[in-house]
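Only this structure's heavy atoms are used, side chains among them; waters, hydrogens and symmetry mates stay out.
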Amino acid sequence: MGERLRGWLHPGWAWTVRYPRIVPFGYSLGSLALGVGLSALGALVPGGLTAAQDQRLQRLMWIAFVVAAVAYAAAEVARQGRNRMLKRNGTAYIVRERARDWDADDSDDFHGQVRRRFARVLEVPGPGRTGRAWDWPLDTDARHWNGKVTELVRSFRVLYLASREPGVPNAVFVTAWWAVALAFGRRVTAGDRSLDLEVWQRRSRGRAGKVDPQIWRQHGHRFGDIPAVQGSAGLVFRELFWDADLTVVRGNDHGGIPDGNPVSVLLLRFGHAPWKPLPAVDAEPADPDPWPLTLQDTAGVIPVKGAASVRIHELRCTPPGVAQQFDWADFPVLAAQAVAWVQRKSAELAGHVLLLGTTIPNELALGIGIAAGQESCFAWPSHLWPIVYRKPADSYVVPHLELGTDAVRE
């Protein structure tokens, strides 16, 4: 019972916004009781009542006054507690950049909960709302991703500068491709190192399964000040290597790409979701032949004209025990490990064209971007290009989206 009560009250005064009618109900009850008490007092003043009637009215009057006082006091305490909680949570920024190839994901109810949880909620107008329709395609228009992320970052900065309040925290809920979330987090952080963002988890249905966080029991993570920890209890990180035969598919507008430069793929596989063509986590062959890997290079950044041999460097971590998803509390550790590993591999593979594939939630991608944008993260690669899974075609696309430090110099 005590554990349930603590969960209901946690964190702070969250129950006052989870049940928004509590405060007006308290004031209404107090007003009703006060009215009853005043009516009883009005009947007592003229007198002329029997002793029994007088006694009953006095008892009713005092009970009504006590109920009114308690109801008013409780409603006022709840109101002030709610306001303190809303002020503590601060401003929530909602980044919703839905993509053409996604399944339907109705999150209006969840965002309605967010609006009751924060003092102020602002939606960041992305490129699809500030210009022509844009839904992050993975066809030939994927060559425009870099400029569209720049527009998204610019929109956020304008909104943030116009609405920020000193001492008020800034939460962010992001719905976007993991690569867009990572690029957005890194660019906004590198562009303003004083920016302090808290990343909150939102509802989603992705390759890792359904995620339905309880907004009332959640806290945000600040990924900017996470320590370079070696792991927490139950989290085991492994590095694996896979050889692959790479085939690059591109249009005729990239015929001038040089041949012969080395290419390496970095893969962050956090969870049980597959990353084709590699085998499932629990079905690794002892001595595999090179895996076939086909990439549609809409960015024109892979310096390969024909077939080529590449190595896939994988950092793997699966949820502890039989869990299918990581606890929200594990995300800072996962981000710290990912950033440290990418920086180390960048140094090892100096001169290589680096491509990044992932199976991670976009909140984690945003956290990695925020951590990579810190001044202390000086070894992040200059150039890094994402590999994004295109579900309808069951293929991978390399959009023109710079995840490296050179993007900040644009």
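With values rounded to the nearest 0.5 angstrom, Asp330 atom CG is found 12.0 Å from Gln325 atom CD. Taking CG from Leu267 and CZ from Phe241, the interatomic distance works out to 12.0 Å, rounded to the nearest 0.5 Å. From Ile312, atom CD1 reaches atom CG of Leu266 across 10.5 Å, with rounding to the nearest 0.5 Å. Note that the CZ atom of Arg250 and the OG1 atom of Thr298 stand 10.5 Å from one another [nearest 0.5 Å]. Once rounded to the nearest 0.5 Å, the distance linking CD1 of Ile94 with CZ of Arg202 reads 11.5 Å. With rounding to the nearest 0.5 angstrom, the CD atom of Gln337 is 11.0 Å from the CD1 atom of Ile368.
Every residue two or more places apart in sequence or in another chain was checked for a side-chain hydrogen bond (donor to acceptor under 3.5 Å, both in side chains) with Trp145, and none qualifies. Arg100 is linked by a side-chain hydrogen bond (donor to acceptor under 3.5 Å, both in side chains) to Asp135, Asp139, counting only residues two or more places apart in sequence or in another chain. The side-chain hydrogen bond (donor to acceptor under 3.5 Å, both in side chains) test applied to Asp141 returns no partner, not counting sequence neighbours.
Between the side chain of His221 and the main chain of Glu363, no donor-acceptor pair closer than 3.5 Å is present. Judged purely by atom type and a 3.5 angstrom limit, Trp177 has no side-chain atom pairing as donor or acceptor with the backbone of Glu97. With Arg157 contributing its side chain and Asp192 its backbone, the two residues share no donor-acceptor pair below 3.5 Å. No donor-acceptor pair closer than 3.5 Å links the side chain of Asn146 to the backbone N or O of Thr150. Under the 3.5 Å distance criterion, the side-chain polar atoms of Asn362 are left unmatched by any main-chain donor or acceptor of Ala181.
The shortest side-chain heavy-atom distance between Trp275 and Thr358 does not fall under the 4.5 Å cut-off. Side chains of Ser309 and Asp243 form no contact here, defined as non-hydrogen atoms less than 4.5 Å apart. When side chains are defined from C-beta on, Pro381 counts as touching Val342, because their heavy atoms get closer than 4.5 Å. Counting only heavy atoms from C-beta outward, the side chains of Trp136 and Pro127 approach each other to under 4.5 Å. Counting heavy atoms from C-beta on, the side chains of Lys276 and Tyr396 come closer than 4.5 Å. Counting heavy atoms from C-beta outward, Arg186 and Glu402 have side chains that stay 4.5 Å or more apart. The shortest distance between side-chain heavy atoms of Leu182 and Leu356 falls below 4.5 Å.
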Given Glu151 and Arg154, is the salt bridge (Lys or Arg N to Asp or Glu O under 4.0 Å) satisfied, shown in steps? CA-CA 5 Å; Glu151 292 180 30; Arg154 187 181 300 118; 5.9 Å; no

Check step by step if side chain to side chain contact (heavy atoms under 4.5 Å, CB included) holds for Ile360 and Leu334. CA-CA 10 Å; Ile360 60 176; Leu334 295 169; over 6 Å; no

Would you sort out whether His144 and His400 count as a side chain to side chain contact (heavy atoms under 4.5 Å, CB included), showing the intermediate values? CA-CA 6 Å; His144 300 303; His400 189 270; over 6 Å; no

Determine whether Tyr160 and Leu195 satisfy the following criterion, side chain to side chain contact (heavy atoms under 4.5 Å, CB included), listing intermediate values before the conclusion. CA-CA 9 Å; Tyr160 170 75; Leu195 180 64; 3.3 Å; yes

Apply side chain to side chain contact (heavy atoms under 4.5 Å, CB included) to Phe65 and Leu38, showing your working. CA-CA 8 Å; Phe65 283 158; Leu38 291 175; 4.1 Å; yes

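Among all heavy-atom pairs drawn from Trp380 and Leu403, the shortest one is NE1-O, 3.0 Å. Closest approach of Ala371 and Phe223 over heavy atoms only: CB-O, 3.7 Å. Minimum heavy-atom separation, Val149 to Val180: CG2-CG1, 4.2 Å. Listed here is the closest heavy atom pair of Pro279 and Arg269: O-NH1, 3.2 Å. Of all the heavy atoms in Pro277 and Trp291, the pair that sits closest is O-CE3, 3.4 Å. Shortest non-hydrogen contact noted between Glu314 and Trp341 is C-CZ2, 3.9 Å.
Applying the ring pair (Phe, Tyr, Trp, His ring centres under 6.0 Å) definition to pairs two or more places apart or across chains, none involves residues 356-375. Sorted by first and then second residue, the salt bridge (Lys or Arg N to Asp or Glu O under 4.0 Å) pairs with a member in residues 368-390 read Asp101-Arg390; sequence neighbours excluded.
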Sequence neighbours excluded and cut-off under 3.5 Å, please list the side-chain donor-acceptor pairs for residues 344-355, or say none.
from	atom 1	to	atom 2	distance (Å)
Arg344	NH1	Glu348	OE2	3.1
Arg344	NH2	Glu239	OE1	3.1
Lys345	NZ	Glu239	OE2	2.9
Lys345	NZ	His313	ND1	3.1
Lys345	NZ	Glu348	OE1	2.9
His352	ND1	Ser264	OG	2.8

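Ring orientation note: the planes of Tyr72 and Tyr27 are tilted relative to one another, at an angle of 30° to 60°.
A centroid separation of 6.0 Å or more is found between the aromatic rings of Trp178 and Tyr389.
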